[in-house]
Amino acid sequence: MTTVCLTFDFDAVSLWISTMKQTTATPLSRGEFGALVGLPRVLDLLTDKEVSATFFVPAHSAGAFPDGVTGIRDQGHEIALHGYCHETPIGLTREQESDLLDRSIEKMRSVLGRDYAPKGYRSPAWDLSANSIDLLEERGLLYDSSMMGDDYRPYRARKRFSADEDDYERGEPSRVVEIPVAWELDDFPHFVFLNKPMYLGMRTPAEVFDLWVEEFDFCHSLGNGVFTLTMHPQVIGRGPRIAMLSRLIDHMRSQPDVHFMTMAEVAVEQSEWLQVK
């Protein structure tokens, strides 16, 4: 059986404020497009295809666009953590990173309600500190989706690693399930144009469709893989790209033994399997 996880990073304007350090009108409007145009298109597609997805939401996005985030929830999709304002955990002290996690959860609860209990986390930087997994484990999170130690098979995330020019210690396995990501399976590097710094991500939807189909078909050939796509409403939400995603879902659905799941569902399933192994 192949499991497909459709995931969406609802960065909205937090990406431009924090990661890109651009707070002028035009870059911020790109984030607004994601919230006001791209997200409704994504939600409409998921409703049409009857697919549940996972949305990684910075706390900033929840505060800036609460109707969008409650709309994600009300349509039955999973909402997981994605930083406070799309910041990197690299370079933070353990106390600073811990505080940001707690502030993120608290702000999300201010929008989604006190009973909001996140099951997973994805680093906005797709990178983790030596403390990150330990902190997620302390808060009872089931999974992380920020690393690349496998392509289609979840594994136990390791905590307290160390690395220098003389040695590398992988650390000890945690209770946190790692559901790996890949740049190849992220819409951002394929489609996004940036002029600060200069970055030309201008592939056509047809090119990316072919690339993702080939990745999926290989995953499906393994017989028991998890195929994870990372997308952003402000990127995949443009008309031709959302049409491409629709065709891709149809292709994946046409194959035998393919199921669509949220990442929390995968984490529960994999956690039991990894415990036995």
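What you see is a predicted model; the values in this text were computed from it and never measured.
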4.5 Å side-chain heavy-atom contact, [X] and [Y]:
X      : Y      : result
Leu142 : Ser271 : no
Arg156 : Val177 : yes
Val57  : Leu81  : no
Val266 : Glu269 : no
Leu46  : Gln75  : no
Ile179 : Thr228 : yes
Leu135 : Glu97  : yes
Ser145 : Phe56  : yes

>> Taking side chain to side chain donor-acceptor pair (under 3.5 Å) as the cut-off, I'd like each qualifying pair that reaches into residues 214-226, sequence neighbours left out, listed once.
In response: Thr2-His220, Tyr152-Glu215, Asp217-His251
> Does any pair with a residue in residues 165-185 pass side chain to side chain donor-acceptor pair (under 3.5 Å), and if so which ones, sequence neighbours excluded?
Replying inline: Arg160-Glu172
Please give me the minimum heavy-atom distance between [X] and [Y], naming the atom from each residue.
X      : Y      : answer
Ser246 : Leu45  : CB-CD1, 3.7 Å
Thr54  : Ala80  : CG2-CB, 4.3 Å
Ser123 : Asp127 : OG-O, 2.7 Å
Thr88  : Ala125 : OG1-CB, 3.5 Å
Lys107 : Gly63  : CE-CA, 4.1 Å
Thr7   : Leu229 : OG1-O, 2.6 Å

>> Regarding Ser98 and Arg103, do their side chains bring together a donor and an acceptor under 3.5 Å, going by distance alone?
In response: no
>> Quick one about Ser52 and Glu78 (side-chain donor to acceptor, distance below 3.5 Å, no hydrogens or angles considered), yes or no?
In response: no
>> As a quick check of understanding, evaluate salt bridge (Lys or Arg N to Asp or Glu O under 4.0 Å) for Arg109 and Asp115, giving each step before the final call.
In response: CA-CA 7 Å; Arg109 285 176 175 163; Asp115 59 345; over 6 Å; no
May I ask you to decide if [Y]'s main-chain N or O and [X]'s side chain share a donor-acceptor pair within less than 3.5 Å?
X      : Y      : result
Ser18  : Cys85  : yes
Tyr155 : Gly149 : yes
Thr19  : His86  : yes
Thr70  : Asp67  : yes
Thr47  : Leu43  : yes
Gln96  : Thr93  : yes

> Run the side-chain contact (heavy atoms from CB on, under 4.5 Å) check on Met147 and Val181 step by step: do they pass?
Replying inline: CA-CA 6 Å; Met147 294 192 282; Val181 292; over 6 Å; no
>> Test of understanding: with salt bridge (Lys or Arg N to Asp or Glu O under 4.0 Å), list the residues that count as partners of Asp9, not counting sequence neighbours.
In response: Arg122
>> Just to verify, what does Asp250 make a salt bridge (Lys or Arg N to Asp or Glu O under 4.0 Å) with, not counting sequence neighbours?
In response: Lys49
Are [X] and [Y] in one and the same hydrophobic cluster, where Ile, Leu, Val, Met, Phe, Trp and Tyr link if side-chain heavy atoms are under 4.5 Å apart?
X      : Y      : answer
Phe8   : Phe216 : yes
Val51  : Met244 : yes
Ile72  : Leu245 : yes
Val258 : Leu185 : yes
Phe260 : Val268 : no

Let me check something: any side-chain donor-acceptor pairs from residues 24-38 under 3.5 Å, sequence neighbours excluded? List them with distances.
{"from": "Ser29", "atom 1": "OG", "to": "Thr26", "atom 2": "O", "distance (Å)": "2.5"}
{"from": "Arg30", "atom 1": "NH1", "to": "Phe193", "atom 2": "O", "distance (Å)": "3.2"}
{"from": "Arg30", "atom 1": "NH2", "to": "Phe193", "atom 2": "O", "distance (Å)": "2.9"}

> Run the side-chain contact (heavy atoms from CB on, under 4.5 Å) check on Val226 and Arg153 step by step: do they pass?
Replying inline: CA-CA 6 Å; Val226 178; Arg153 300 190 191 281; over 6 Å; no
Measuring from atom [atom1] of [X] to atom [atom2] of [Y], what distance do you get when rounded to the nearest 0.5 angstrom?
X      : Y      : atom1 : atom2 : result
Tyr121 : Leu136 : OH    : CG    : 7.0 Å
Ile236 : Leu248 : CD1   : CG    : 9.0 Å
His77  : Asp74  : NE2   : CG    : 10.5 Å
Leu222 : Met1   : CG    : CE    : 13.5 Å
Thr262 : Ile79  : OG1   : CD1   : 12.0 Å
Tyr116 : Met108 : OH    : CE    : 4.0 Å

>> Atom OH of residue position Tyr199 - does it have more than 12 heavy atoms of other residues, nucleotides or ligands inside 6.0 Å?
In response: yes
> Hey, is Arg114 close enough to Glu106 for a salt bridge, meaning N to O under 4.0 Å?
Replying inline: yes
> Stepwise, does the side-chain hydrogen bond (donor to acceptor under 3.5 Å, both in side chains) test hold for Trp212 with Glu207?
Replying inline: CA-CA 9 Å; Trp212 285 357; Glu207 289 176 293; over 6 Å; no
>> Walk me through whether Ile242 and Val42 qualify under side-chain contact (heavy atoms from CB on, under 4.5 Å).
In response: CA-CA 7 Å; Ile242 204 78; Val42 167; 3.9 Å; yes
>> Taking transitive links into account, so neighbours of neighbours count too, which hydrophobic residues share a cluster with Tyr84 at under 4.5 Å side-chain distance?
In response: Leu92, Leu100
> Under the side-chain contact (heavy atoms from CB on, under 4.5 Å) criterion, do Trp16 and Lys21 qualify, and how do the steps go?
Replying inline: CA-CA 6 Å; Trp16 303 99; Lys21 310 299 183 190; over 6 Å; no
>> Tell me which one of His232, Arg241, Arg238 satisfies side-chain hydrogen bond (donor to acceptor under 3.5 Å, both in side chains) with Asp187.
In response: His232
> Do Arg247 and Phe209 meet the cation-pi criteria used here (NZ or CZ under 6.0 Å from the six-membered ring centre, within 45° of the axis)?
Replying inline: yes
> Could Arg203 and Phe191 be counted as a cation-pi pair, given that NZ or CZ must be under 6.0 Å from the ring centre and within 45° of the axis?
Replying inline: no
